[in-house]
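A quick write-up on the structure given underneath.
Naming convention: chains lettered A, B, ... in sequence-line order (proteins, then strands); numbering from 1 in each chain.
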Amino acid sequence: MSDKISVTLPDGGVREYPVGTTSAQVARDLGPGLYRDALAAKVDGELVDLNAPLPSHSEVEILTFASEEGRRVYRHSTSHILAQAVKHLYPQAKFAIGPAIENGFYYDFEVPENFTPQDLEQIEKEMLKIIQADYPFLREEVGRKEALEYFARLGEQYKVELIEDLPPDTTVTLYRQGDFVDLCAGPHLPSTGKVKAIKLTSVAGAYWRGDERRKMLQRIYGTSFPRQKELDDYLSMLEEAAARDHRKLGRELDLFSIHDEGPGFPFFHAKGMILRNELESFWREVHTQWGYQEIKTPIILRQDLWERSGHWDHYQENMYFTEIDEENYAIKPMNCPGGILVYKNKPHSYRELPLRMAELGLVHRHELSGVLHGLMRVRSFTQDDAHIYMLPEQIKGEIIGVIELTDYLYRIFGFDYHIELSTKPEKAIGSDETWEMATQALREALEEKGLEYRVNEGDGAFYGPKIDFHLQDCLGRTWQCGTIQLDFQMPALFELEYTGADGEKHRPIMIHRTCLGSIERFIGILIEHYAGAFPSWLAPVQVEVLPITDRHLSYSRQLAEKLRAVGVRVEVDDRNEKVGYKIREAQMAKIPYMLIIGDRELKEGTVSVRGRSEGDMGAMSFSRFQERIRTEIAEKAFN
RNA sequence: GCCGACGUAGCUCAAUUGGCAGAGCAGCUGAUUUGUAAUCAGCAGGUUACCGGUUCGAGUCCGGUCGUCGGCUCCA
């Protein structure tokens, strides 16, 4: 047996070390900077502690804060420091889980009294003491039985439950730092002193294992960084992001409002309607090009329709009901049953398929009061829905078509998105075979397009699996927008038919899909994405004309009239104010272009252009400006 | 829905231990005719979210209701 081990580094280089060498020693060998920054190591693809001895042949990557994995180890270790601090201050606390999350970490505790924001300050101070003490994180392996006994003795029922869920033959690992021991797979930082800058950001209730039937624990959120400056930068970045919040911009730009009189039911103002109408007319144009027809179905329909569709059994708690002439009706939470009645209104031939019926449909859903969020999560919204009725052999092509259409639309706005595939939920209708077939079809379409996606087990609609498109808001929270749902069930429940080439009746297959998702949510995303500075084609006011004095008013109005005549949305600021004041207001309203009109422009027949982002662009002929703005609008340029 | 925080003028925020509800911006009126991010002066603006309680006295303390914000998925 050799007394050397060999280590392959990420750059392909191979080095030899004595048996028993740790990743920390490898890092030191590679350079003092790396040794100082090293947090953990990835050995043959597995995350391990820096002080773990390396096997005889291995690929080793030293992880620092620069990598996502390194940051997770760093934050995860910080969560253990939080837990230790809580243990010191609240000895009776019970411990649940404390993972790293994007940009930070949390830890769930059961405590007799809920934490207050003041408590967080005390806990933070205690954490600093633990960091100061620089306790090493020590890994221990124990048998499952031993671990169970240990945590049972301490009354840590959550840890006991976690261990009970591990496979029977597992070796359980514990991590010890000073007087605190926690169940943990690791890895961890070498010692608590590696953590430099910490901040506990909030406290919230969270159900044990995310299950609302189980006990609600107290969750403390926090984050940590290797340098105070990075923490400060992160916190000020959050503050800046809040300035993009669509709820704030929606009020400031007079786009929409939400009132106590209708929680979750947004009001669109004149400027918001311009944005919305532009969006919808673009949507119509594109859908016509992509072979869709448009329909409109009623908002209120009889309850028996919803009993037949399965919504009564599977979606009732999200629905609103009403009564008309002593008959029971429901307010639609989805557009499909109404759309299906249109399909059933006359017989169909296979020659018509795929039949793509789109609808900007207003739906109402009873969402829990605690989840409402500006335009992002509301109780009434307009889906850019469509139902595609098709032959079995058209499935993949149609799914790919919707994926391409969605991608085309998102690109216009410059959005990044990610895709999720959701499979059969507990409350579902239809056989496992049709679900498997449908899920497989979605998977194949994604793979044929070479798209990356995440699988969400059990998160599908009750009638079929779905592909979801998720977009991000200003704080990085993601919202589902587009969705493609493949459905074998509704056609059966409603006995949909078409006549095939063989003259026999056959059952079509359905796709339910949205691209933008909900118009409301999409506008919320748009506002945050552009920080309210919409590209000219969407901007409620595209040009503001600013006459310097009264004697420039008439020329200003003429220019505005000319622009209006070619479809440009223009306003004249005819108030008796200094030009600096008018510029400031137009700038704050994020209007793409300002035209400053004074004696010089009057005399020379020009306009002085000020761009929202460019600043003073100097004088140009009016016709040149007009051409420029028209082109920009027509091309939907980003500006 | 649950946990926590919060709710004062259209907006942003003040108001000592419970002691006369204020400011800036926006609005209105007047003056000013102005050249690239705020001209000056005056006026008006409130059932302190709502309901109830404690108190000589409540924006402030207590209870309830409504609403807003953050969280309740990312699995030792």
Side-chain angles (χ1 to χ4, degrees), chain A residues 72 76 79-80 83 95-102 106-108 114-117 119-120 147 151 156 158-163 165-166 170 172-175 182-186 188 201-221 242 245 247-248 251-252 254 257-264 317 366-374 420 454 456-459 475 477-478 546-553 575-588 594-601 608-612 614-619:
Chain A
R72 293 189 89 88
H76 182 196
S79 88
H80 278 232
F95 296 77
I97 55 167
I101 53 174
E102 196 172 354
Y106 67 79
Y107 209 113
D108 286 347
N114 290 336
F115 294 119
T116 66
D119 294 337
L120 292 195
F151 284 107
E156 293 286 359
Y158 300 104
K159 298 295 177 190
V160 168
E161 194 178 323
L162 291 168
I163 298 167
D165 283 354
L166 294 173
T170 319
V172 174
T173 56
L174 306 178
Y175 275 82
D182 202 354
L183 172 71
C184 185
H188 278 288
T201 47
S202 63
V203 57
Y207 300 107
W208 168 234
R209 303 209 137 174
D211 185 341
E212 64 182 3
R213 290 164 300 197
R214 305 193 69 168
K215 192 172 176 60
M216 179 164 269
L217 307 174
Q218 286 284 299
R219 173 172 298 179
I220 296 178
Y221 283 92
D245 191 310
R247 293 164 298 186
K248 179 178 154 73
R251 184 175 56 237
E252 288 172 0
D254 200 14
S257 56
I258 300 176
H259 304 261
D260 286 1
E261 289 82 350
E317 61 207 31
H366 179 247
E367 300 290 349
L368 295 178
S369 60
V371 306
L372 301 178
H373 183 93
E420 297 184 6
R454 214 176 76 193
N456 259 342
E457 296 293 351
D459 225 19
L475 291 173
R477 291 176 292 210
T478 69
L546 310 180
I548 289 173
T549 75
D550 287 352
R551 65 179 177 278
H552 311 116
L553 253 178
R575 293 174 303 173
N576 178 9
E577 293 291 350
K578 293 167 82 163
V579 74
Y581 181 86
K582 295 181 181 181
I583 286 170
R584 180 184 156 81
E585 296 232 323
Q587 191 75 41
M588 290 197 309
M594 294 162 241
L595 299 182
I596 290 124
I597 307 299
D599 288 337
R600 286 202 298 273
E601 291 73 19
S608 281
V609 182
R610 186 184 166 94
R612 165 181 68 191
E614 297 89 336
D616 191 348
M617 297 164 71

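- When heavy atoms are screened at a 4.0 angstrom cut-off, A:Ser608 is found touching base atoms of the nucleic acid.
- Put simply, CG on A:Asp616 is 9 Å from P on B:U36, counting in whole angstrom units.
- Qualifying side-chain hydrogen bond (donor to acceptor under 3.5 Å, both in side chains) partners for A:Asn456, counting only residues two or more places apart in sequence or in other chains: A:Glu420.
- In this structure, the side-chain hydrogen bond (donor to acceptor under 3.5 Å, both in side chains) partners of A:Glu457, at least two apart in sequence or on a different chain, are A:Thr423.
- Side chain of A:Arg72 to main chain of A:Ala100: a donor-acceptor pair is present (N/O by atom type, distance under 3.5 Å, no hydrogens or angles).
- The side chain of A:Met216 has B:C3 as its nearest neighbour among B:C3, B:A76, B:U68.
- Considering only side-chain N and O atoms, A:Arg477 lies under 4.0 angstrom from the phosphate OP1 or OP2 of B:G71.
- For A:Arg610, the listed nucleotide lying nearest its side chain is B:A37; candidates were B:U39, B:A37, B:G4.
- Here the P atom of nucleotide B:C3 and the CZ atom of A:Arg214 are 18 Å apart, to the nearest Å.
- With A:Lys215 contributing its side chain and A:Tyr207 its backbone, the two residues share no donor-acceptor pair below 3.5 Å.
- In this structure, A:Glu156 has no salt bridge (Lys or Arg N to Asp or Glu O under 4.0 Å) partners at least two apart in sequence or on a different chain.
- Between B:C72, B:U68, B:G35, one nucleotide has an atom nearer to the side chain of A:Ala206 than all others, and that is B:C72.
- Listed by chain and number, the residues in a salt bridge (Lys or Arg N to Asp or Glu O under 4.0 Å) with A:Arg214 are A:Glu161 (sequence neighbours excluded).
- Helical stems of RNA chain B (runs of at least 3 Watson-Crick or G-U pairs, donor-acceptor distances under 3.5 Å) are listed by first residue: B:1-7 with B:66-72, B:10-13 with B:22-25, B:27-31 with B:39-43, B:49-53 with B:61-65.
- In this structure a side-chain-to-backbone donor-acceptor pair under 3.5 Å is missing from A:Ser202 to A:Tyr221.
- Residue A:Gly598 is in base contact, counting any heavy-atom pair closer than 4.0 Å across all strands shown.
- Within the 4.0 angstrom heavy-atom criterion, only backbone atoms of the sugar-phosphate kind lie near A:Asn114; the bases stay farther away.
- B:C69 atom P lies 7 Å from atom CD1 of A:Ile258, rounded to whole Å.
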What nitrogen or oxygen pairs link the protein and nucleotides 62-65 of chain B at under 3.5 Å?
none

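- Remark: A:Glu585 pairs with A:Arg575 by the salt bridge (Lys or Arg N to Asp or Glu O under 4.0 Å) rule, at least two apart or across chains.
- Candidate nucleotides B:C3, B:A76, B:A26 were compared by shortest atom distance to the side chain of A:Ala204, and B:C3 ranks first.
- Of all nucleotides listed (B:U39, B:C72, B:U68), B:U39 comes nearest to the side chain of A:Glu577.
- A sub-4.0 Å separation between OP1 or OP2 of B:U33 and a side-chain N or O of A:Arg551 is absent.
- At a threshold of 4.0 angstrom between heavy atoms, the contacts of A:Asp599 include nucleobase atoms, whether or not backbone atoms are also involved.
- The side chain of A:Ser369 sits closest to B:G1 out of B:A37, B:G1, B:A38.
- A:Asp599 pairs by the salt bridge (Lys or Arg N to Asp or Glu O under 4.0 Å) definition with A:Arg551, not counting sequence neighbours.
- Taking the side chain to side chain contact (heavy atoms under 4.5 Å, CB included) definition, one finds that A:Ala242 meets it with nothing, sequence neighbours left out.
- Using modelled atom types, one side-chain atom of A:Gln587 and one backbone atom of A:Arg612 make a donor-acceptor pair closer than 3.5 Å.
- Between A:His552 and A:Thr549, the side chains place a donor N or O and an acceptor N or O closer than 3.5 Å (distance only, hydrogens not considered).
- With distances taken from any side-chain atom of A:Glu601 to the nucleotides B:A37, B:G35, B:G71, the minimum falls on B:G35.
- Comparing B:U36, B:G70, B:U39 by their closest approach to the side chain of A:His373 singles out B:G70.
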Polar-atom pairs under 3.5 Å, protein N or O versus N or O of nucleotides 6-14 of chain B: list them with distances, or write none.
{"unit_1": "B:U12", "atom_1": "OP1", "unit_2": "A:Arg251", "atom_2": "NH2", "d": "3.1"}

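- Scanning for side-chain hydrogen bond (donor to acceptor under 3.5 Å, both in side chains) contacts around A:Arg600 gives an empty result, with sequence neighbours left out.
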Distances under 3.5 Å only, N/O to N/O: pair up the protein atoms with those of nucleotides 73-75 of chain B.
{"unit_1": "B:U73", "atom_1": "OP2", "unit_2": "A:Gly210", "atom_2": "O", "d": "2.9"}
{"unit_1": "B:C74", "atom_1": "OP2", "unit_2": "A:Tyr106", "atom_2": "OH", "d": "3.2"}
{"unit_1": "B:C75", "atom_1": "OP1", "unit_2": "A:Ala100", "atom_2": "O", "d": "3.4"}

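- Checked by atom type and distance alone, the side chain of A:Lys582 pairs as donor or acceptor with a backbone atom of A:Pro547 at under 3.5 Å.
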